[in-house]
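Structure first, commentary second.
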Amino acid sequence: MNVLLVGSGAREHALAWKLRQSPKLTGLFVAPGNAGTAAIAANLDLKAADLDGVCRTARDHRVDLVIVGPEQPLADGLVDRLAVQGIAAFGPAQAAARIESSKAFAKDLIRRHNIPTAAFATFMSRLDARNYVLGLADAPVVKADGLAAGKGAIVCDTRDEALRAVDTLMADEALGAAGRTVVIEEKLAGREVSAHAFTDGVAVAPMPFACDYKRARDGDQGPNTGGMGAYSPPAWLDEPTERFIHQHITEATVQALFQEGAPFRGCLYPGLMVTDAGPRALEFNCRFGDPEAQVILPRLKSDLLEICWAVANNRLGDVAIEWSTDACVGVVLASGGYPDDYETGFPISGLAAVEPGVLVFHAGTALADDGSVATAGGRVLTVVATAPTLADARARAYRNVQHIHFSRCHYRRDIAAPAQNAIQ
Ligand code: AMP
Ligand code: GLY
């Protein structure tokens with residue numbers, strides 16, 4: 001089977017690495033990919049945003065299946081365009097991708113279907129939004145409706161802060177059209193966890209849970225980033241809670257989309273808060289998390305290509321999916337300054353010194369003419385280790401981080417630190 005994978009992050013490198021293990025794979029193309037995918041696939045000089053280019057290339061290379069990594073091309077309707085041309089895809093059509101591309105749509109849908117979430121109201125008028133904030137007893141979370149690359153949720157400590165957030169989004173249009181509609185949501189306290197599931201719109205196959213670290217610095221300090229590390233599984237999550245999430249959040253959302261005429265095919269990733277009153281959905285993503293994918297996919301024992309093909313062809317129920325009980329920890333190495341300004345073009349050394357079995361997934365990396373690898377983005381690499389226990393996986397990941405060097409490298413020291421995975 002020929003596969004075209006769309007995207008260029010460490011998530012896509014992890015997907016490419018796992019797809020490579022499939023005996024069913026013949027050609028693997030990545031658009032545009034990075035220095036890591038170049039070593040295991042054919043990178044194409046094609047941006048993920050170039051939907052026409054992706055469709056044309058899929059035809060030219062006789063691609064059987066397109067796997068879409070990031071949310072933007074899904075929100076823009078890439079899968080619908082491929083369907084018109086009879087090309088199978090792993091990823092939702094535009095109507096189902098709205099679960100991520102419009103928070104107002106997602107919240108209305110789950111309210112209609114009684115799926116547990118934070119209380120909320122949606123506003124298109126700044127005045128109405130401000131009046132609502134003034135009437136609240138507590139400071140809320142203010143969210144841009146549209147896609148905002150992880151910058152769309154403003155968690156406020158005071159009502160004044162919330163008023164400023166409303167103004168930033170709706171008057172200053174800090175996030176452009178994405179913030180013209182806002183969702184104002186009850187602020188919840190608890191522990192966050194990422195659920196992921198394969199689904200063909202009807203059958204749902206949950207993946208192991210994972211936790212990511214969004215803030216730039218240790219102790220959850222500093223600005224929000226795309227994600228600085230992750231681990232799986234979270235030992236603090238008990239089985240009844242896991243079952244509740246599968247049934248009442250993930251499966252219920254898949255059913256809701258199906259009933260409303262927008263069946264979801266691909267990876268559905270609900271972001272959740274586990275509160276004292278039970279789990280609540282905070283957001284839905286229509287693709288794998290990054291860096292969650294980097295710690296979930298190494299635990300997959302089954303053939304990823306077979307699963308993706310079954311999802312695209314409404315046959316997920318026919319596939320048995322097995323997971324390893326090993327723990328997995330991923331530490332992101334970023335460019336100093338990220339998520340704000342940072343420099344690129346620094347040579348990366350030590351990649352060959354990493355222990356066998358430890359995975360280094362590339363994100364912002366580029367290959368020089370002489371074959372050397374240099375930094376080319378904010379998040380540069382994810383170093384991933386598996387082991388029977390989380391503590392061992394963590395020690396192994398950090399031991400190998402020490403081998404890799406580039407100028408102004410920054411990473412968190414507290415990914416999967418024992419206290420954070422403690423059972424309380
Ligand atoms: P979102 O883009 O909706 O995932 O939000 C990004 C981050 O904001 C989440 O990972 C949480 O840390 C935080 N957040 C979002 N919604 C809430 C909420 N209702 N209560 C508390 N924190 C939230
Ligand atoms: N890990 C957060 C995200 O992928 O949205």
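Indexing begins at 1, ligand by ligand and atom by atom, following the structure's order.
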Original post:
Asp290 to ligand 2: N or O pair under 3.5 Å?
Top reply: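 Yes; the residue has a nitrogen or oxygen that sits under 3.5 Å from a nitrogen or oxygen of the ligand.
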
**OP:** Is it possible for you to check whether Arg408 lies under 6.0 Å from the centre of the six-membered ring of Phe406, through NZ or CZ, and within 45° of that ring's axis?
**Re:** no

So if I count the atoms of ligand 2 from 1 in the order they appear, which ones are less than 4.0 Å from some heavy atom of [X]?
X	answer
Gly289	4 (O)
Asp212	1 (N), 2 (C)
Glu292	1 (N), 2 (C)

Subject >> Ring geometry between Phe198 and Trp323 (parallel below 30°, tilted from 30 to 60°, perpendicular above 60°) >> reply: parallel

Subject >> Thr375 (side chain) donor-acceptor with Gly345 (main chain) under 3.5 angstrom >> reply: yes

Original post:
Looking at His405 versus Phe346, is the centre-to-centre ring distance below 6.0 Å?
Top reply: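 That pair fails the under 6.0 Å test.
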
Among all protein non-hydrogen atoms, which one is nearest to [atom], and what is the separation to 0.1 Å?
atom	result
atom 13 (C) of ligand 1	Val155 CG2, 3.7 Å
atom 9 (C) of ligand 1	Glu192 OE1, 3.4 Å
atom 1 (P) of ligand 1	Glu283 OE1, 3.4 Å
atom 2 (C) of ligand 2	Tyr269 OH, 3.1 Å
atom 21 (C) of ligand 1	Leu188 O, 3.3 Å

**OP:** Would you indicate which of Glu71, Arg287, Glu283 comes nearest to atom 5 (O) of ligand 2 when only heavy atoms are counted?
**Re:** Arg287

Would you mind running through ligand 1 and noting each atom that sits below 4.0 Å from a heavy atom of [X]?
X	result
Glu185	16 (N), 17 (C), 18 (C), 19 (N)
Met273	21 (C), 22 (N)
Ala153	2 (O), 5 (O), 6 (C), 8 (O)
Lys143	3 (O), 15 (C), 16 (N)

Original post:
Relative to ligand 1, is Lys214 under 4.0 angstrom through side chain, backbone, both or neither, heavy atoms considered?
Top reply: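 Contact part for Lys214 vs ligand 1: side chain (C-beta onward).
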
**OP:** Would you kindly specify which portion of Leu282 sits under 4.0 Å from ligand 1, judged on non-hydrogen atoms: side chain, backbone, both or neither?
**Re:**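 Both parts.
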
Ionic contact status for [Y] with [X], cut-off 4.0 Å:
X	Y	result
Glu185	Lys103	no
Asp167	Arg126	yes
Glu283	Lys143	no
Arg98	Asp145	no

Original post:
Once you round to the nearest 0.5 Å, how far does CD of Gln294 lie from CZ of Phe288?
Top reply: 10.5 Å

Original post:
For Phe244, does the CZ atom have more than 12 heavy-atom neighbours from other residues, nucleotides or ligands under 6.0 Å away?
Top reply: yes

Original post:
More than 12 non-hydrogen atoms from neighbouring residues, nucleotides or ligands closer than 6.0 Å to CD on Glu355, yes or no?
Top reply: yes

Original post:
ligand 1 and Val141, any nitrogen or oxygen pair closer than 3.5 angstrom?
Top reply: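 N/O-N/O distance below 3.5 Å does not exist for this pair.
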
**OP:** Assess Lys103 for proximity to ligand 1: is some non-hydrogen atom of it under 4.0 Å away?
**Re:**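 Flag set, Lys103 near ligand 1.
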
